[in-house]
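Only a predicted model underlies this, so the values are computations on that prediction, with no experimental measurement involved.
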Amino acid sequence: MGKKDPRVDAYIAKSEKFAQPILIHLRKIVDRACPDVVETIKWNMPIFEYKGILCNMASFKNHCAFGFWKGKLIFGNKRAKEETQAMGSFGKIGSVQDLPSEKIIASYIKKAMELNEVGIKTPARRKAGLEVESIPPAYFMDALKKNKMALETYEKFSPGNKREYVMWILEAKTDETRNKRLKTAIEWMAEGKIRNWKYVKK
């Protein structure tokens, strides 16, 4: 039997109005395709697990994202490359109509289940995976938008430099630490600095 997590209900309830039907729809598809799925919250977003992580979903101010943990193995190198340029496995989702059919998404979920069942591991990746690393949390982007110089710096960063800041924020163990890091990150980016600027040889 699967396991629902009330924190996912809370996450959906707190999301923007347009995002709620999208998240509810995705959740139902995952539940139908994998009745034994276990829900949880990691990296401030809903994660679906079955003998390992299957997929994740997230909502932002103007769009949603849905990605597979082993996307490269499911979609191949071409799609995996696209995932590093957009959020999740299907780009920015503004409505249910932006998604493939339930049948298609379910087939991807089944493939992800098979990969986990046989113990196939994801190719070498950074700590939180390509999909998660590509998704800056909404509060991170909201803070950036309040500081024009920091936002301009972030937008000019390479994917790797963006990822370093996002992961530094996401890895915080407490809200206090997260807020402190976020404040520092904004200050550094406003000064045009990368995350590890202290270690750059002059």
Between Trp188 and Trp197, what is the ring plane arrangement, given parallel below 30°, perpendicular above 60°, and tilted in between? perpendicular
Rounded to the nearest 0.5 Å, how far does NZ of Lys110 lie from CD1 of Ile74? 13.0 Å
Side-chain donor/acceptor pairs under 3.5 Å, residues 21-35, sequence neighbours excluded:
| unit_1 | atom_1 | unit_2 | atom_2 | d |
| --- | --- | --- | --- | --- |
| Arg27 | NE | Glu39 | OE2 | 2.8 |
| Arg27 | NH1 | Asp9 | OD1 | 2.7 |
| Arg27 | NH2 | Glu39 | OE1 | 2.8 |
| Arg32 | NH1 | Glu102 | OE1 | 3.1 |
| Arg32 | NH1 | Glu102 | OE2 | 3.2 |

For Asn44, give me all partners under side-chain contact (heavy atoms from CB on, under 4.5 Å), at least two apart in sequence or on another chain. Tyr139, Leu170, Arg178
Hydrophobic cluster membership, with links at side-chain heavy-atom distances under 4.5 Å among I/L/V/M/F/W/Y: are Val96 and Ile104 in one? yes
Nearest 0.5 Å please: distance from the CZ atom of Phe90 over to the CG atom of Leu99. 7.0 Å
The reported gap from NZ in Lys111 to CG in Leu54 (rounded to nearest 0.5 angstrom) is 13.0 Å
Report the residues that fulfil side chain to side chain donor-acceptor pair (under 3.5 Å) with Ser107, sequence neighbours left out, ordered by chain and then residue number. none
When rounded to the nearest 0.5 Å, the distance separating CE of Met57 from OG of Ser89 is 14.0 Å
For Ser158, what residues pass the side-chain contact (heavy atoms from CB on, under 4.5 Å) criterion, not counting sequence neighbours? Asn161
State, yes or no, whether a side-chain contact exists between Phe18 and Ser95 at a heavy-atom distance under 4.5 Å. no
The side chain to side chain donor-acceptor pair (under 3.5 Å) partners of Asp5 (sequence neighbours excluded) come to Arg7
Partners passing side-chain contact (heavy atoms from CB on, under 4.5 Å) against Ala185 (at least two apart in sequence or in another chain): Tyr165, Trp168, Ile169, Met189
List for me each residue that meets salt bridge (Lys or Arg N to Asp or Glu O under 4.0 Å) alongside Glu191, sequence neighbours excluded, and say none if there are none. Lys193
Set of residues satisfying ring pair (Phe, Tyr, Trp, His ring centres under 6.0 Å) with respect to Phe140, sequence neighbours excluded: Tyr154
Would you say that Leu151 contacts Glu155 through its side chain, given a criterion of any heavy-atom pair below 4.5 Å between the two side chains? yes
Residues two or more places apart in sequence or in another chain: which of them pass side chain to side chain donor-acceptor pair (under 3.5 Å) with Glu114? none
Sequence neighbours excluded, the answer for side-chain contact (heavy atoms from CB on, under 4.5 Å) partners of Asn62 is none
Results of side chain to side chain donor-acceptor pair (under 3.5 Å) for Glu187 - residues two or more places apart only: none
With rounding to the nearest 0.5 Å, note down the distance linking CD1 in Ile194 to OG1 in Thr153. 12.0 Å
Heavy-atom closest pair, residues Ser59 and Tyr11: N-OH, 2.9 Å
Can you list every salt bridge (charged side-chain N to carboxylate O under 4.0 Å, His left out) pair that touches residues 47-67, not counting sequence neighbours? Lys42-Glu49
Apply side-chain contact (heavy atoms from CB on, under 4.5 Å) to residues Asn116 and Trp69 and explain how you reach the verdict. CA-CA 10 Å; Asn116 285 358; Trp69 188 250; 6.0 Å; no
When rounded to the nearest 0.5 Å, the distance separating CZ of Phe48 from CG of Asn56 is 8.5 Å
